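Before I ask anything, let me first share the structure, which is written out below as structure tokens.
Residue numbers start from 1 in every chain, and the chains themselves are labelled A, B, ... in the order their sequence lines are given, proteins ahead of strands. Values reported hereafter were calculated over all heavy atoms of this structure, with side chains retained and with hydrogens, waters and symmetry mates removed. Note that this is a predicted model, so its numbers are computed, not measured.
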Amino acid sequence: MKKKLMLIDGNSIAYRAFFALPLLNNDKGIHTNAVYGFTTMLMKVLEEEKPTHILVAFDAGKTTFRHSTFKEYKGGRQKTPPELSEQFPFVRELLDAYGIKRYELENFEADDIIGTLAVKAEQEGFEVKVISGDKDLTQLSTGHITVGITRKGITDIEEYTPAHIQEKYGLTADQIIDMKGLMGDQSDNIPGVPGVGEKTAIKLLKQFETLENLLANIDQVSGKKLKERLEEFKDQAIMSKELATITKEAPVTVTVDELSFEGYDVEKLLAVFKELGFNSLLGKLEGADEIVSEEVKEISFETVESITEAVFAAENSLYVEVLEDNYHTGEIAGFGLSNKNGNFYLPVETTLQSEAFKQWAKDETKRKQVYDAKRSIVALKRHDIDLQGIDFDLLLASYLLNPSESTEDFAGVAKRHQFTNVKTDEVVYGKGAKKKVAEGDVLGEHLVRKAMGIADLYEPLLKELEQNEQTDLFFELELPLSLILAKMEYTGVKVDVEKLEEMKAEIAERLKEIEARIHEHAGEKFNINSPKQLGVILFDNLGLPVIKKTKTGYSTSADVLEKLEHEHEIIREILNYRQLGKLQSTYIEGLLKVVHSDSNKVHTRFNQVLTSTGRLSSIDPNLQNIPIRLEEGRKIRKAFIPSEKDWVIFAADYSQIELRVLAHIAKDEKLMEAFTNNMDIHTKTAMDVFHVEADEVTSNMRRQAKAVNFGIVYGISDYGLSQSLGITRKEAGQFIDRYLQSFPGVKNYMEDIIVEARDNGFVSTVLHRRRYIPEITSRNFNLRSFAERTAMNTPIQGSAADIIKKAMIDMAARLEKEGLRTRLLLQVHDELIFEAPQDEIEKLKEIVPDVMEHALELAVPVKVEYSYGPTWFDAK
DNA sequence: ACCGACACGC
DNA sequence: GACGTACGTGTCGGTA
């Protein structure tokens, strides 16, 4: 096996981790963010690189040999924050548990240790991988030494090979130090030549190759000022280069062979992870599963073969297990039940046939606490069992307490709330192809533990909700909504399969023709769906100009192709091919795959516990992204039809709900006035941003205003806006500034909400939905900016989600009250789609807008538009 | 089995 | 001055 040495710059990675992550505390009040970041980075690189040898190098003491050259070296640096210093002993402890050697050397920096060992190892035939957060290290890169520099956060690593350096800077790795000599390095207090930055340095080095050669030929430099500067700071440049040069001859006392890595000691490492509170990482430790799973305490439970009323109590924690993700098709595997009578395992066959169970299930006075109410309801409903009286959903409660935490498996959710007496599903059932229902007692015990977990967490989670003022949000909004969603999903949407088959045949024909023409243009056959092959055809063979690159090659995305449209006829064909191909594979074939053949219906699943803003998502099939924008795609909607003869599809959507919410939250006078007067909001925005009258707003101005409004609603950056408008970032930034000047109330809101997020650590919606935004205090500009946009955007998007959710609940109640047969089928973020009997249309025209518009009262009017027809396509 | 590129909706 | 820039779902090709 090839020997591979990994050299990690310990100080640098710890620093990066510390500044990239929010200040985490473990339960003992020790800060752990740097250790945590260090660990995640380590796990990732061990997994990816599989090194045979490793060393983590640290800086030793304050002074190094460089200080004798320049006593100000690294001067002006801020003191290491105590919150970070206190973490270093834990980093060392962590490395020891990993069985990774660490090393420091008096008078030398970690860089020098790494440089020296890298060269030694390369000479001994090793592949060498260096990991640091400091770009200086890239100078070490050679054919066998690759330097990985952490990018965003700490686990995203950019690989610097000589080729990559050449591509990025147009320089060789050796020239990196010449560049540093010229431009200096503020963080190390290396002066360089004042006025010379990266751009100038690269330009000069391309011409003169080395600093020495440049300084010997200053007369050939163009630019008077530059010449003078180089002349004046000649010595300083030489010294700077010297400071930036990593020595490859440090008196390192370890040999490369001593650094062999034998793999970590699982038990030791587990102990360290536990001490630090790294619960989320426990599961990622290979071999840890067995150890973790051994730790659950013993429980006793009873397997109930024949159910009588006596097993149930007034309050019951019930866990319904469906192993498959898709509970519309997957079967129930069993039940766990926990109440004051004891802990019970109810095997699936007997339970589903038990009349006692059925009666208990539908008795709403018998209270049930569950995990994932919607899943439980639908799974039971398929067996004609009506589950009523649910007054707690652990999954839903946990989501409301922190929507950013993932909710993949019971054990993970429970553990977050300190219930650990349950194994993960993966441990019990296995994963991937090996996943299967556990046998009798093993299954029983697992399900009982889950029921016990629900029982255990019921009170504490209610209390937490109460403390967050989220009791109403839980009981009045999300829990009732889950019942409505269950019904919608179970009802399903009827699909015109014949229509889809027709479209499939027609599109297949057209695709074939386009494909032939594309191959004709290209002069050869290739896979048009492969961006890689397409890139070769367009940019290598046809020689079209390269607009954008991805990290794997040429970009062939639609925005790139649109810019090339006039360069070659093939482009138009490819765009058409893509459009039709998307329709065919995702929407026609994809939809046909998930149609239930007995009913010709699709049963999506709405994920109620996924997004951090409070929106729903939809899968299997995703019915929230059915095409509408382009006419060709919109036709897909013709295949969505009512499930009963002579019924119609009735669709109602909120007009500009997010911007109305913004007007409400920000109390912006002009925005409120615009909505009160029922103005076209994009035209109004254009008038204010461009300072023109209504009749002077051109279509282009309106288009730009619309994009700005879009940006406000989705929290995009100036860069994002520049991309969508095809303008520069600077211009986009100016647009945003002008917008904010035009709507000072909005500007104030944006400023205030950021302060609020910083003070509280979270932002809230009108119905007290929360989203924590720890990165808001990050010292990393990117993370912080992103967090700020999140803080601005979440209350807007989240409150809009609150409103439509409330409308769904009110709507269900209203339909019930009016005795209508109309059924709610879908929610698509700002619209509700129903199927309805013809004779209820007139009634719906009145009540649907009424209910939706008054779900929550805002400071501005809320407007709903509706339409209906024989298919979803016609409801436009 | 997983990742990146791409494309659809809001 | 660079960083890398709404989210969620699904398909495909390419590689493991």
With heavy atoms under 4.0 Å as the rule, sort A:Ile716 into base, sugar-phosphate or nothing.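 Touches a base.
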Using only side-chain N and O atoms of A:Arg629, determine if any of them is under 4.0 Å from OP1 or OP2 of B:dC8.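 Checking A:Arg629 against B:dC8: no side-chain N or O falls below 4.0 Å of OP1 or OP2.
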Picking from B:dC10, C:dT11, C:dT5, which would you name as closest to the side chain of A:Ile628?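 So the side chain of A:Ile628 is nearest to B:dC10.
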May I have the distance from A:Asn527 (atom CG) to B:dA5 (atom C1'), rounded to whole angstrom?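 Rounding to the nearest Å, CG of A:Asn527 and C1' of B:dA5 are 13 Å apart.
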Distance between the P atoms of C:dG4 and B:dA7, in whole angstroms?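 About 23 Å, rounded to a whole number of Å.
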With a 4.0 Å limit, can you tell me whether A:Asn782 has a side-chain N or O closer than that to the phosphate oxygens OP1/OP2 of C:dT5?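 It does not, given that no N or O in the side chain of A:Asn782 lies less than 4.0 Å from OP1 or OP2 of C:dT5.
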Please report the interatomic distance OH(A:Tyr587) to CD1(A:Ile507), rounded to the nearest 0.5 Å.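 With rounding to 0.5 Å, OH (A:Tyr587) is 12.5 Å from CD1 (A:Ile507).
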Could you state the atom-to-atom distance from CG of A:Leu725 to P of C:dT5 in whole Å?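 Distance check: A:Leu725 CG to C:dT5 P gives 19 Å.
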Answer yes or no: is there an ion pair linking A:Lys129 with A:Glu159, defined by an N-O contact shorter than 4.0 Å?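 Answer for the salt bridge query: yes.
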Below 4.0 angstrom, N of the basic side chain to O of the carboxylate: do A:Lys863 and A:Glu865 qualify?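 Salt bridge: yes.
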If I take atom CD1 in residue A:Ile636 and atom P in nucleotide C:dG10, what distance separates them, rounded to the nearest angstrom?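 Value for this atom pair: 16 Å.
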What's the closest nucleotide to the side chain of A:Asn625 if the choices are C:dT9, B:dC6, C:dG10?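 In terms of side-chain proximity for A:Asn625, the closest of C:dT9, B:dC6, C:dG10 is C:dT9.
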Would you indicate which nucleotide in C:dC12, B:dC10, C:dG10 comes nearest to any side-chain atom of A:Asn622?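 Shortest atom-to-atom distance from the side chain points to C:dG10.
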Say we look at C:dG1 and C:dT5: how far apart would their C1' atoms be, to the nearest angstrom?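 Nearest-Å result for C:dG1 against C:dT5 at atom C1': 16 Å.
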C:dT9 phosphate, OP1 or OP2: any side-chain N/O from A:Ser617 under 4.0 angstrom?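 For A:Ser617, the contact criterion (side-chain N or O under 4.0 Å from OP1 or OP2 of C:dT9) is met.
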State which of B:dA7, B:dA5, C:dG4 makes the closest approach to the side chain of A:Pro531.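 Nearest to the side chain of A:Pro531 among the choices is B:dA5.
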Taking the six-membered ring for Trp and the single ring otherwise, decide whether the centroids of A:Phe735 and A:Tyr739 are under 6.0 Å apart.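 For A:Phe735 and A:Tyr739, the ring centres are not under 6.0 Å apart.
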Do the side chain of A:Gln827 and the main chain of A:His829 share a donor and acceptor less than 3.5 angstrom apart?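 Yes: the side chain of A:Gln827 pairs with the backbone of A:His829.
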Respond yes when some side-chain nitrogen or oxygen of A:Gln533 is under 4.0 Å from OP1 or OP2 of C:dG14, and no when none is.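 Yes, because at least one side-chain N or O of A:Gln533 sits under 4.0 Å from OP1 or OP2 of C:dG14.
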Closer than 4.0 Å, any side-chain N/O of A:Ser618 to the OP1 or OP2 of C:dT9?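 False: A:Ser618 side-chain N/O out of range (4.0 Å or more) of C:dT9 OP1/OP2.
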N/O (side chain, A:Lys532) to phosphate O (OP1/OP2, B:dG4) under 4.0 Å: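 Looking at the OP1 and OP2 atoms of B:dG4, neither is under 4.0 Å from any side-chain N or O of A:Lys532.
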Looking only at side-chain atoms of A:Phe786, point me to the closest of C:dT11, C:dA6, C:dG8.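 Minimum distance to the A:Phe786 side chain belongs to C:dA6.
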NA contact type, A:Asn793, heavy-atom cut-off 4.0 Å: base, sugar-phosphate, or nothing?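 No contact.
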Nearest to the side chain of A:Glu589, heavy atoms from C-beta on, is which of C:dC12, B:dA7, B:dC8?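 Of C:dC12, B:dA7, B:dC8, C:dC12 is nearest to the side chain of A:Glu589.
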Look at all strands and tell whether A:Glu831 reaches a base, only sugar-phosphate, or nothing, counting heavy atoms closer than 4.0 Å.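 A:Glu831: backbone/sugar contact only, no base atoms under 4.0 Å.
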At under 4.0 Å, does any side-chain N or O of A:Arg615 touch on OP1 or OP2 of C:dC7?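 The answer is no; no side-chain N or O of A:Arg615 sits under 4.0 Å from OP1 or OP2.
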Rounded to the nearest Å, what distance is computed from the CG atom of residue A:Asp653 to the P atom of nucleotide B:dC10?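 From A:Asp653 CG to B:dC10 P: 9 Å.
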Which part of the nucleic acid, if any, lies within reach of A:Asn607 when heavy atoms closer than 4.0 Å are counted: base, sugar-phosphate only, or nothing?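 Answer is nothing: A:Asn607 stays at 4.0 Å or more from every strand.
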Nucleotide C:dG4, atom C1' - distance to CD of A:Glu158 in whole Å: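 That distance rounds to 12 Å.
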Any base atoms under 4.0 Å from A:Val713, or only sugar-phosphate, or nothing? Heavy atoms, all strands.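 Counting heavy atoms under 4.0 Å across all strands, no contact is made by A:Val713.
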OP1, OP2 of B:dA5 versus side-chain N and O of A:Thr552: anything below 4.0 Å?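 So the side-chain polar atoms of A:Thr552 do come within 4.0 Å of the phosphate oxygens OP1 or OP2 of B:dA5, strictly under.
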For C:dC3, give the paired nucleotide (Watson-Crick: N1-N3 plus N6-O4 or O6-N4; G-U: N1-O2 and O6-N3; both under 3.5 Å), or none.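 Its partner: none found.
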What's the OH-C1' distance between A:Tyr587 and B:dG9, to the nearest Å?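 Taking atom C1' of B:dG9 as the reference, OH of A:Tyr587 is at 6 Å.
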For atom CD1 of A:Ile619 and atom P of C:dG10, their distance in whole Å: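 From A:Ile619 CD1 to C:dG10 P: 6 Å.
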Tell me the interatomic distance from A:Leu623, atom CG, to C:dG8, atom P, rounded to whole angstroms.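 Interatomic distance, CG of A:Leu623 to P of C:dG8: 18 Å.
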Quick one: which of C:dT11, C:dA6, C:dG8 gets closest to the side chain of A:Thr586?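 Closest nucleotide among those given: C:dT11.
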Modelled atom types, side-chain donor and acceptor of A:Glu478 and A:Gln608, under 3.5 Å: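 On atom types as modelled, these side chains qualify, holding a pair under 3.5 Å.
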Residues A:Lys4 and A:Glu127 bridged, charged N to O under 4.0 Å: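 Salt bridge flag = no for A:Glu127 with A:Lys4.
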Could you tell me which nucleotide pairs with B:dC3 by Watson-Crick or G-U wobble geometry, both distances under 3.5 Å, or answer none if nothing does?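 Its partner is C:dG13 (Watson-Crick or G-U wobble, both distances under 3.5 Å).
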Please confirm whether the shortest side-chain N or O distance from A:Thr550 to OP1 or OP2 of B:dA5 is below 4.0 Å.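 For A:Thr550, the contact criterion (side-chain N or O under 4.0 Å from OP1 or OP2 of B:dA5) is met.
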B:dC10, C:dT9, C:dC3: which one has an atom nearest the side-chain heavy atoms of A:Leu610?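 Of the candidates, C:dT9 comes closest.
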Just to confirm, is there a sub-4.0 Å distance from OP1 or OP2 of C:dA2 to any side-chain nitrogen or oxygen of A:Lys199?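 So the side-chain polar atoms of A:Lys199 do come within 4.0 Å of the phosphate oxygens OP1 or OP2 of C:dA2, strictly under.
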N/O (side chain, A:Thr556) to phosphate O (OP1/OP2, B:dC6) under 4.0 Å: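 Looking at the OP1 and OP2 atoms of B:dC6, one of them is under 4.0 Å from a side-chain N or O of A:Thr556.
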Any salt bridge between A:Lys374 and A:Glu489, counting N to O under 4.0 Å?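 Salt bridge: yes.
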A:Gln797 or A:Lys168, whichever maps to the more 5' nucleotide of DNA chain C: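 Nearest nucleotide further toward 5': that of A:Lys168.
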Can you find a side chain N or O atom of A:Ser717 that sits less than 4.0 Å from OP1 or OP2 on C:dA6?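 Yes, because at least one side-chain N or O of A:Ser717 sits under 4.0 Å from OP1 or OP2 of C:dA6.
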Which one, B:dA7, B:dC6, C:dT9, comes nearest to the side chain of A:Ser555?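 Of the options given, the side chain of A:Ser555 lies nearest B:dC6.
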